[in-house]
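One structure is given below, encoded as C-alpha cells.
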Amino acid sequence: MAPERNESKRRLPSTPGTGDALSTPREDGCRLLPDWVPHERTWMAWPSNEAIWGPELDEAKLTVAAVATAIARFEPVTMLARPEAIAEA
C-alpha cells in the first residue's frame, strides 16, 4: 500500500545557493477556477507535434479550430502556436 500523501505540506527543493524552500503555487495564491467563473479570454494551444498526435494531427487541428471558433462567439480566444504554425493556427 502506498503511503498517504498530504500535498498541502509538500515542500519543493531549496533554491540552489540560498537554502530557502520554494513555495507551491497554492501558497502563492494561484488556483484553477471553474469554467463558469467570469474571465477575460480563453487560451488554447494549436496542435502541431506529430510525435504526439501521429496520424490524428490533421483531425486535431480541425477540432481545435472548431472549438476556438465556437468559443470566440462569446469571448476572445488566444491561440498559442509554434512560429512555423502561426499562419495555419
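The first residue of the sequence shown is numbered 1, and numbering continues consecutively from there.
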Does [X] reach the side chain of [Y], with side-chain heavy atoms less than 4.5 Å apart?
X   : Y   : result
L33 : H39 : no
T42 : E75 : yes
I71 : M44 : yes
E88 : W46 : yes

Within 6.0 Å of CD in E59, more than 12 heavy atoms from elsewhere: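 Open: at most 12 neighbouring heavy atoms sit under 6.0 Å from CD of E59.
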
Tell me whether the count of non-hydrogen atoms from other residues, nucleotides or ligands lying under 6.0 Å of CD in E40 goes above 12.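 For E40, atom CD is not crowded (no more than 12 foreign heavy atoms under 6.0 Å).
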
Shared ILVMFWY cluster between L57 and V64, side chains joined below 4.5 angstrom?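 Unlinked, L57 and V64 end up in two clusters.
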
Please check if the side chain of D28 supplies one atom and the backbone of C30 the other of a donor-acceptor pair under 3.5 Å.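 No.
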
Smallest separation among heavy atoms of M79 and A89, with atom names: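 Answer, listing the atom of M79 first, then A89: CG-CB, 4.1 Å.
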
Could you state the interatomic distance from CZ (R26) to CG (L32), rounded to the nearest 0.5 Å?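 These two atoms lie 11.0 Å from each other.
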
